[in-house]
2 protein chains.
Amino acid sequence: MNRRSSKDSRQNIIDAAQRVFLLHGYEGSTMRMIAEQAGISVGGIYLYFKNKEELCLLLIDERLKEFSEKIDAALKKIEDPIDALREYILLSIEYAKKHNEFIITQSREKGFTFGIDIKREFFKRQKEVIKGIIFKGINKGIFVNCNIEEATRVIMGVIRGFVLSLVVDPDNLFDARQCSELILSGLLSRSN
Amino acid sequence: MNRRSSKDSRQNIIDAAQRVFLLHGYEGSTMRMIAEQAGISVGGIYLYFKNKEELCLLLIDERLKEFSEKIDAALKKIEDPIDALREYILLSIEYAKKHNEFIITQSREKGFTFGIDIKREFFKRQKEVIKGIIFKGINKGIFVNCNIEEATRVIMGVIRGFVLSLVVDPDNLFDARQCSELILSGLLSRSN
DNA sequence: AATTCATATGAACAGACGTTCATCTAAAGA
DNA sequence: TCTTTAGATGAACGTCTGTTCATATGAATT
């Protein structure tokens with residue numbers, strides 16, 4: 001039992017948990033698995049985290065924040081609403097490929113409460129981002145004057161469709177580019 | 001301990017399981033819960049079903065078959081590919097509202113691959129149905145000449161997006177009608 | 001009434017999991 | 001060198017779950 005920096009140990013646990021949750025999901029991951037991956041005892045985890053749930057919630061929070069920052073950074077550099085929306089969809093789908101496990105996490109088993117506040121907050125913010133892009137597009141006369149709320153829901157729904165397809169039918173994923181073009185031409189384009 | 005018809009008891013268990021899985025998901029449902037709902041002892045369940053997994057798989061199978069039959073019956077009466085596709089999407093989304101618990105099923109050991117063989121078979125058949133509609137539409141000159149495989153993937157992805165939204169963000173569901181119009185106009189329509 | 005049959009019961013079992021905590025130990029400080 | 005500190009250990013605990021199986025019981029038959 002070597003003495004290690006508590007900072008390192010904490011990070012080791014976090015990294016290990018990320019890997020284990022990714023492979024096995026929340027319920028399928030045990031603290032023993034995570035401990036092994038982290039190279040620390042199972043009791044040692046509780047020196048840093050209150051419990052399994054807190055550990056997972058922290059990861060969810062981090063990942064979703066990370067995504068939001070990525071999006072903000074990317075959109076800051078894009079002026080054209082068409083390019084912005086296209087970029088949003090593509091980034092979303094790319095991110096989903098890596099972190100879908102935190103979106104479809106066990107909400108049902110915990111009575112829809114597990115991480116639900118974090119996710120709701122996240123969805124709310126993403127919704128505002130999309131609405132902002134659409135609104136700007138309409139103002140510039142690029143997009144049709146549509147129901148922004150509804151268009152936003154469709155876009156988010158489509159991205160979620162990709163997420164779920166990753167999980168249940170990974171051999172049949174639609175093309176991210178074609179999908180963004182569908183939304184641009186079918187939902188928002190003035191060329192109709 | 002009253003004597004009951006074994007047939008009734010079996011059905012009671014199935015009905016109860018359906019209700020419990022719907023509310024709590026697979027992992028969140030215990031055999032004790034199901035037994036209570038069915039009005040039978042927990043050991044009594046094993047007189048009819050081998051185990052929890054078999055009970056759930058049977059339900060998944062039944063529900064997906066039921067849906068397929070509904071779809072087939074409805075499409076049999078529709079000649080126009082536009083109406084057919086529209087009907088397909090609407091029926092899918094309506095059914096998802098009632099039975100999404102069998103599409104997003106997760107177990108501790110198998111994660112989302114629980115029941116995956118049944119689901120794969122189901123997806124395969126639905127894919128053929130959609131492709132059939134698109135193919136007919138193209139032949140009649142109603143739909144654009146597109147990549148049928150990819151169009152099918154997009155359609156299935158969009159429906160899955162609705163399914164997942166039901167679970168993680170039920171307050172923001174897109175409108176089924178608008179969505180089917182999006183697909184019709186943005187993906188397949190010759191009016192572009 | 002006694003026996004058989006069909007259905008049911010629920011305590012007990014085995015296993016698994018998250019968590020606790022008495023104990024340990026190496027490193028740092030006095 | 002001795003004491004303190006910081007970090008770690010892992011067996012044990014309590015709880016829960018799926019499943020088993022010895023036993024029970026009411027209805028039907030003899």
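These numbers come from a predicted model, not from an experiment. Proteins get letters first, then strands, A, B, ... in listed order; numbering begins at 1 in each.
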Base, sugar-phosphate, or nothing: which does R32(A) touch, judged by heavy atoms less than 4.0 Å apart?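 Base contact - R32(A) has a heavy atom under 4.0 Å of at least one base atom.
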
How would you label the contact of S9(B) with the nucleic acid (heavy atoms, under 4.0 Å): base, sugar-phosphate, or nothing? sugar-phosphate

Test: side chain to side chain donor-acceptor pair (under 3.5 Å). Region: residues 39-49 of chain A. Which pairs qualify, not counting sequence neighbours?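 Not a single pair qualifies under side chain to side chain donor-acceptor pair (under 3.5 Å).
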
Closest to the [X] side chain: [options]?
X: V42(B); options: dT19(D), dT9(D), dT19(C); answer: dT19(D)
X: I40(A); options: dA8(D), dA8(C), dG10(D); answer: dA8(D)
X: K52(B); options: dG18(C), dG18(D), dT9(C); answer: dG18(D)

Suppose we screen for salt bridge (Lys or Arg N to Asp or Glu O under 4.0 Å). Which residues come up paired with E79(A), at least two apart in sequence or across chains? K136(A), K140(A)

Salt bridge (Lys or Arg N to Asp or Glu O under 4.0 Å) with R153(A): which residues, sequence neighbours excluded?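 For R153(A), the residues satisfying salt bridge (Lys or Arg N to Asp or Glu O under 4.0 Å) (neighbours in sequence not counted) are E149(A), E150(A).
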
Could you tell me the separation between the [atom1] atom of [X] and the [atom2] atom of [N], rounded to a whole number of Å?
X: I13(B); N: dA8(C); atom1: CD1; atom2: C1'; result: 11 Å
X: M31(A); N: dT9(D); atom1: CE; atom2: C1'; result: 15 Å
X: I34(B); N: dT19(D); atom1: CD1; atom2: C1'; result: 13 Å
X: R108(B); N: dA16(C); atom1: CZ; atom2: C1'; result: 7 Å
X: E36(A); N: dG10(D); atom1: CD; atom2: C1'; result: 14 Å
X: N12(B); N: dT7(C); atom1: CG; atom2: P; result: 13 Å
X: H24(B); N: dT17(D); atom1: NE2; atom2: P; result: 11 Å
X: E53(B); N: dT17(D); atom1: CD; atom2: P; result: 18 Å

Taking 4.0 angstrom as the limit, do R19(B) and D15(B) come out as a salt bridge? no

Does a side-chain N-to-carboxylate-O contact under 4.0 Å join D72(A) and K76(A)? no

With the threshold set at under 4.0 Å for non-hydrogen atoms, list the residues of residues 44-51 of chain B touching DNA chain C in residue-number order. G44(B), L47(B), Y48(B)

Main chain of I89(A), side chain of S180(A): is a donor-acceptor contact present, judged purely on distance under 3.5 Å? no

Say whether, by atom type as modelled, one donor and one acceptor occur between the side chain of E101(B) and the main chain of F21(B) under 3.5 angstrom. no

R10(A) vs dA6(D): side-chain N/O to OP1/OP2 distance below 4.0 Å: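 Looking at the OP1 and OP2 atoms of dA6(D), neither is under 4.0 Å from any side-chain N or O of R10(A).
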
Decide if the gap between the ring center of F67(A) and the ring center of F122(A) is smaller than 6.0 angstrom. yes

Residue met sooner reading DNA chain C from 5', once S6(B) and M33(A) are mapped to nucleotides: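 Final value for this comparison: S6(B).
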
Which residue pairs pass the salt bridge (charged side-chain N to carboxylate O under 4.0 Å, His left out) test with at least one member in residues 35-52 of chain A, sequence neighbours excluded? none

Judged by modelled atom types alone, do R160(B) and S165(A) share a side-chain donor-acceptor pair under 3.5 Å?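 There is such a pair between these side chains.
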
Take the C1' atoms of the five end pairs on each side of the helix from dA1(C)-dT30(D) to dA30(C)-dT1(D), derive the two axes, and give their angle rounded to 10 degrees. 30°

